[in-house]
Undergrad: 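Once you've had a glance at the structure underneath, I'll fire off some questions.
Source: prediction; values computed, not measured. All values below were derived from every heavy atom in this structure, side-chain atoms included, with hydrogens, water molecules and symmetry-related copies excluded.
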Amino acid sequence: PALIDRQGVAVRPIRMSAYYWNKGIEVKVPPADLRIVAGGDTSNLRAVGYTCGEGTPTSSVPLDCGRKLLKGVVIFPSCWDGVHVDSADHRSHMSYPKGTGCPSTHPVPLPKLVLHVTYGIRNGAGYWLSSDAGMGLTDGRSMHADFWNVWDAQALAEAVTVLDTGVTVSLGD
């Protein structure tokens, strides 16, 4: 969703980076046509939110980052049910890990996908997202992202092999 400033003008991101990595366990190649929606309520900072600089979300609303740039972070669930490539809500066929592994209901570990959206602003306090009202949220709390696996199957399999060696794969800015 678009980040909207106090005057109602959309703030264009200056960079988006996608990182794929494993969680210290062997991960499987995501199935073709897998569709996922992640985030949507920044009250769960383990899944989505805002930060200044690098790292995981530290705030559920856009914040004043001082000298650093504001960044939105979306962490996708990485445990798959092993059967469905989509669900009515684009979420229930996926789950976040529990402890050090996947829950029994979603036993297939996939690469962890993390999106970082960097905005060219330092102070996002008071900004909101274009999707807030439609999701019944306010103050930029509707941060979310979609994933649809249309990767070339062989290229993805090779990338996952690299992940299993412990290397993080970053898809350009």
Side-chain angles (χ1 to χ4, degrees), residues 1 3 13-60 68-119 129 131 135 137 140-173:
L3 182 67
I14 61 170
R15 178 180 309 132
M16 188 191 89
S17 299
Y19 299 94
Y20 291 82
W21 53 289
N22 71 10
K23 303 162 288 297
I25 60 173
E26 184 177 334
V27 292
K28 304 299 180 193
V29 176
D33 204 35
L34 179 67
R35 298 170 192 218
I36 311 168
V37 173
D41 182 349
T42 58
S43 63
N44 179 3
L45 292 177
R46 293 181 323 127
V48 63
Y50 301 89
T51 191
C52 301
E54 300 300 319
T56 58
T58 58
S59 176
S60 60
K68 295 183 178 180
L69 294 175
L70 177 66
K71 185 179 289 185
V73 180
V74 180
I75 303 164
F76 282 78
S78 56
C79 297
W80 176 44
D81 69 9
V83 178
H84 305 95
V85 294
D86 201 1
S87 53
D89 62 1
H90 309 295
R91 297 173 188 266
S92 56
H93 60 298
M94 300 295 297
S95 175
Y96 287 93
K98 306 289 186 212
T100 59
C102 290
S104 61
T105 56
H106 296 79
V108 182
L110 301 179
K112 185 174 185 177
L113 170 59
V114 180
L115 295 181
H116 286 215
V117 180
T118 305
Y119 298 98
L129 293 171
S131 56
M135 295 180 75
L137 299 166
R141 295 179 188 269
S142 66
M143 175 65 77
H144 66 281
D146 304 351
F147 171 82
W148 180 11
N149 184 17
V150 293
W151 274 76
D152 174 274
Q154 183 174 343
L156 181 56
E158 290 170 5
V160 169
T161 299
V162 171
L163 286 176
D164 282 334
T165 67
V167 174
T168 298
V169 176
S170 173
L171 298 180
D173 298 329

Undergrad: Determine the minimum heavy-atom distance between Pro111 and Leu163, stating which atoms define it.
TA: CB-CD1, 3.5 Å

Undergrad: Calculate, to the nearest 0.5 Å, the distance between atoms CD1 and CG belonging to Ile36 and Leu113 respectively.
TA: 7.5 Å

Undergrad: According to ring pair (Phe, Tyr, Trp, His ring centres under 6.0 Å), who are the partners of His144, at least two apart in sequence or on a separate chain?
TA: none

Undergrad: Tell me whether Tyr50 contacts the main-chain N or O of Gly140 through its side chain, where contact means a donor paired with an acceptor under 3.5 Å.
TA: yes

Undergrad: Mind checking what makes side-chain contact (heavy atoms from CB on, under 4.5 Å) contact with Pro57, not counting sequence neighbours?
TA: Leu45, Val73, Ile75

Undergrad: Report yes if the side chains of Val74 and Met143 come closer than 4.5 Å at any heavy-atom pair, otherwise no.
TA: yes

Undergrad: Under the side-chain hydrogen bond (donor to acceptor under 3.5 Å, both in side chains) rule, what pairs show up with a residue in residues 73-82, not counting sequence neighbours?
TA: Lys23-Ser78, Asp81-His84

Undergrad: Is it the case that the side chain of Ser87 and the backbone of Ser92 share a donor-acceptor pair, with hydrogens and angles ignored and the cut-off at 3.5 Å?
TA: yes

Undergrad: Would you indicate whether the side-chain heavy atoms of Leu34 and His93 approach each other to under 4.5 Å?
TA: yes

Undergrad: Enumerate the residue pairs fulfilling salt bridge (charged side-chain N to carboxylate O under 4.0 Å, His left out) with a member in residues 84-109, sequence neighbours excluded, ordered by first and then second residue.
TA: none

Undergrad: Within the side chain of Asn22, is there an N or O that forms a donor-acceptor pair under 3.5 Å with the backbone of Val27?
TA: no

Undergrad: Taking disulfide bond (SG atoms under 2.5 Å apart) as the cut-off, I'd like each qualifying pair that reaches into residues 15-60, sequence neighbours left out, listed once.
TA: Cys52-Cys65

Undergrad: Can you name the nearest heavy-atom pair linking Tyr96 to Pro103, along with the distance?
TA: O-CD, 3.9 Å

Undergrad: Rounded to the nearest 0.5 Å, how far apart are CZ of Arg141 and OG of Ser60?
TA: 3.5 Å

Undergrad: Salt bridge (charged side-chain N to carboxylate O under 4.0 Å, His left out): which pairs involve residues 35-60, sequence neighbours left out?
TA: Asp33-Arg35, Glu54-Lys71

